[in-house]
Amino acid sequence: MTTPPHAAPEDAAPRLLFWYDRNRRDLPWRAKPGEVADPYRVWLSEIMLQQTTVPAAAPYFRAFTERWPTVRDLAAAPLDDVLVAWAGLGYYARARNLHKCAQAVAAERAGCFPDKEAALLDLPGIGAYTAAAITAIAFGRKATVVDGNVERVISRVFAVEDPLPGVKPKLRALAAILTPDERPGDYAQAMMDLGATVCTPRKPKCMLCPWSDWCAARAAGVQEQLPRKAAKADKPTRRGVAFWLLNPDGAVLLRRRAEDGLLGGMTEVPSTPWAGHAPGDAEIAESAPLDLPWRSLPGVVRHTFSHFHLELGVVAARAGDGWRKAEGLWVPVDRLGGQALPSVMMKVVRHALAHA
DNA sequence: AATTCGTGGAG
DNA sequence: TCTCCAAGAAT
């Protein structure tokens, strides 16, 4: 580690904590002043908040904690119940790892989360950020928490010009220098709140910032340019055709996706493979769950994943007496809500119901 | 080290 | 419409 470009004042951390005490946000997972943090709730919230906004995670957090109040309750639940409850939140490996982690903590640690970063890192779904966050917020132990907010704050305060993600180790080292011994949990949350509400990606509210007087980026007038980021690859478009098939009972044919990879373990409307080119008639017939006179519905379902766009045509048919030969599960239309349907598949369902 | 993994809101 | 992006992890 090189010498910081400029020194932080001795009272940097106390000033941030002073700001935090006066701007504390009331979030569903946040212990109120004086309350003892519940490691289960801290862990659950941190998993849900990975790459996810507070408004998106909040209703899921309420639903999970009401249904599964303890880590043992969550561990005892079938994975499929967890996937159904997680449906719509995205990054479904989080849900699978959440369940694995709960089972590990319940079975091997008597339901108690470890309070050290190294042990936390051994658990599924817990990486450097989450291990530090749990250590600091749930157990009140010193740890340097570095998420996207902290990276932005640090890159600005020290006017770090090197682009992400390569500069991450340097930002972490600088963040560690600032981390105080006192109030580790509050400091971690204060850093993230500062980034989320004041030191924002666009139009940072420097007038409200407790660190504005020593922020190197602000002094240079480059706060809106930092942190610099490497250009990201553009997203290709993949195309496919989904099969909306009803049986004589009015149930829809669904399938369970492979346990790993995109939407792993989730439920889907059967479809052709999603390829760079639209499937031809032969490919559609090849993938069809039954050999039927499929009629194509008007329009297309568009969805954007983390790394590609998807355009899905929809074809529909009614299965006759041979409907039992189709591979998959038949679900009554009014019970689709009980399925682990990710958002893209909810779009397909809505499209089919609107046009079929 | 570079990819793969979702989603919905903001601008 | 389109880009960016939000409390990252696993491989």
Side-chain angles (χ1 to χ4, degrees), chain A residues 25 27-30 41-61 83 86-98 100-101 120-138 143-153 163-169 171-172 175 185 187-197 199-203 224 227 229-238 257-266 268 274 302-310 340-347:
Chain A
R25 292 190 292 168
L27 301 174
W29 41 83
R30 185 168 282 178
R41 293 168 64 90
V42 172
W43 163 73
L44 178 62
S45 68
E46 292 301 341
I47 302 298
M48 287 184 168
L49 287 165
Q50 288 167 5
Q51 298 293 285
T52 304
T53 58
V54 166
Y60 286 83
F61 179 83
L83 292 179
W86 196 277
L89 195 54
Y91 283 143
Y92 298 97
R94 291 185 297 173
R96 299 188 302 260
N97 285 329
L98 185 83
K100 276 187 208 162
C101 183
L120 285 161
L121 278 170
D122 286 336
L123 292 168
I126 298 183
Y129 161 76
T130 305
I134 294 173
T135 301
I137 299 170
T144 299
V145 173
V146 184
D147 72 331
N149 289 307
V150 176
E151 287 176 349
R152 184 169 57 255
V153 170
L164 289 169
V167 76
K168 279 173 179 284
L171 295 178
R172 162 172 292 284
Y187 179 81
Q189 294 176 87
M191 283 289 279
M192 294 189 282
D193 272 16
L194 186 68
T197 65
C199 196
T200 48
R202 292 177 297 260
K203 306 253 180 133
E224 299 213 37
K229 298 189 176 183
K232 46 193 66 172
D234 52 344
K235 298 179 178 180
T237 298
R238 297 184 195 173
R257 291 178 60 88
E259 295 305 309
D260 296 307
L262 184 70
L263 309 178
M266 302 296 285
E268 68 174 355
W274 304 344
R302 297 178 195 282
H303 189 78
T304 299
F305 291 102
S306 49
H307 55 297
F308 67 92
H309 303 288
L310 179 65
L341 289 166
S343 291
V344 61
M345 293 302 156
M346 289 303 296
K347 285 186 185 178

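Bear in mind that the values here come from a model prediction, so they are computed numbers and not experimental data. Residue numbers begin at 1 in each chain, while the letters A, B, ... track the order of the sequences.
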**Prompt:** A:Lys100 NZ to C:dA9 C1': how many Å, rounded?
**Reply:** 12 Å

**Message:** Mind checking if A:Trp29 touches a base, just sugar-phosphate, or nothing, with heavy atoms under 4.0 Å?
**Reply:** base

**Message:** By the 4.0 Å heavy-atom rule, please label A:Gly166 as base, sugar-phosphate, or nothing.
**Reply:** nothing

**Fill in**
Separation of B:dT3 atom C1' from A:Leu262 atom CG, nearest Å, is 13 Å

**Prompt:** Is there a side-chain contact between A:Ile126 and A:Glu46 (heavy atoms, below 4.5 Å)?
**Reply:** no

**Asked** With sugar-phosphate meaning primed atoms plus P, OP1 and OP2, does A:Arg302 contact a base, only sugar-phosphate, or nothing at under 4.0 Å between heavy atoms?
**Response** nothing

**Request:** For A:Tyr91 and for A:Arg202, locate the closest nucleotide of DNA chain B by heavy-atom distance; then report the residue assigned to the nucleotide nearer the 5' terminus.
**Result:** A:Tyr91

**Request:** Please figure out whether A:Ser343 or A:Pro165 has its closest DNA chain B nucleotide nearer the 5' end.
**Result:** A:Pro165

**Request:** Respond yes when some side-chain nitrogen or oxygen of A:Thr52 is under 4.0 Å from OP1 or OP2 of B:dG6, and no when none is.
**Result:** no

**Request:** Assign A:Gly261 to base, sugar-phosphate, or nothing according to its heavy-atom contacts below 4.0 angstrom with the strands shown.
**Result:** sugar-phosphate

**Prompt:** Which class fits the ring pair A:Phe305 and A:His303: parallel under 30°, tilted 30 to 60°, perpendicular over 60°?
**Reply:** perpendicular

**Message:** I'd like the C1' distance from C:dA10 over to B:dA1, given in whole Å.
**Reply:** 13 Å

**Prompt:** Heavy atoms under 4.0 Å, any strand shown: does A:Arg257 hit a base, just sugar-phosphate, or nothing?
**Reply:** nothing

**Prompt:** For DNA chain C, whose closest nucleotide is more 5', that of A:Lys232 or that of A:Ala128?
**Reply:** A:Lys232

**Prompt:** Heavy atoms under 4.0 Å, any strand shown: does A:Ile47 hit a base, just sugar-phosphate, or nothing?
**Reply:** nothing

**Closest to the A:Tyr92 side chain, choosing from B:dT4, C:dA9, B:dT7** = B:dT7

**Request:** Step by step, work out the side chain to side chain donor-acceptor pair (under 3.5 Å) result for A:Arg94 and A:Thr52.
**Result:** CA-CA 11 Å; A:Arg94 291 185 297 173; A:Thr52 304; 3.0 Å; yes

**Asked** Can a side chain N or O of A:Arg152 be found less than 4.0 Å away from OP1 or OP2 on C:dA6?
**Response** yes

**Prompt:** Taking only N and O in the side chain of A:Gln51, is any of them less than 4.0 Å away from OP1 or OP2 of C:dA6?
**Reply:** no

**Message:** Less than 4.5 Å apart, side chain to side chain, heavy atoms only: is that true for A:Asp193 and A:Arg30?
**Reply:** yes

**Asked** Starting at CD of A:Glu224 and ending at P of C:dC4, how long is that distance when rounded to a whole Å?
**Response** 16 Å

**Request:** Take the protein atom CG of A:Leu310 and the nucleotide atom C1' of B:dT7, then report the distance between them rounded to whole Å.
**Result:** 14 Å

**Asked** Between A:Thr53 and A:Ala131, which has a closest nucleotide on DNA chain C that is more 5'?
**Response** A:Thr53

**Prompt:** When the P atoms of B:dC5 and C:dA6 are considered, how many whole Å apart are they?
**Reply:** 22 Å

**Integer-rounded Å distance: B:dA10 C1' and A:Lys203 NZ** = 13 Å

**Request:** Give A:Pro342 one of three labels, base, sugar-phosphate or nothing, depending on what nucleic acid heavy atoms sit under 4.0 Å from its own.
**Result:** sugar-phosphate

**Prompt:** At under 4.0 Å between heavy atoms, what does A:Leu27 touch on the DNA or RNA strands: base, sugar-phosphate, or nothing?
**Reply:** base

**Prompt:** When the distance from CZ of A:Phe305 to P of B:dG6 is rounded to whole Å, what number comes out?
**Reply:** 7 Å

**Message:** Nearest whole Å is fine: how far is C:dC5 P from A:Lys229 NZ?
**Reply:** 4 Å

**Request:** Using a cut-off of strictly less than 4.0 Å, decide whether A:His303 has a side-chain nitrogen or oxygen near OP1 or OP2 of B:dG6.
**Result:** no

**Request:** Hey, could you give me the NZ/CG distance between A:Lys235 and A:Leu310, rounded to the nearest 0.5 Å?
**Result:** 12.0 Å

**Request:** Have a look at A:Thr304 and say if it touches a base, only the backbone sugar-phosphate, or nothing, with a 4.0 Å heavy-atom cut-off.
**Result:** base

**Asked** Hey, is the side chain of A:His307 poking within less than 4.0 Å of OP1 or OP2 on B:dC5, counting only N and O atoms?
**Response** yes

**Item:** Between C:dC5 and B:dG6 - C1' atom distance, rounded Å
**Value:** 12 Å

**Asked** Rounded to the nearest Å, what distance is computed from the CZ atom of residue A:Arg94 to the C1' atom of nucleotide B:dC5?
**Response** 10 Å

**Item:** Donor-acceptor under 3.5 Å (A:Arg41 side chain, A:Ala138 main chain)
**Value:** no

**Complete:** The reported gap from CZ in A:Phe61 to CE in A:Met48 (rounded to nearest 0.5 angstrom) is 7.5 Å

**Message:** Among C:dG8, C:dC5, C:dA6, which nucleotide has an atom closest to any side-chain atom of A:Pro201?
**Reply:** C:dA6

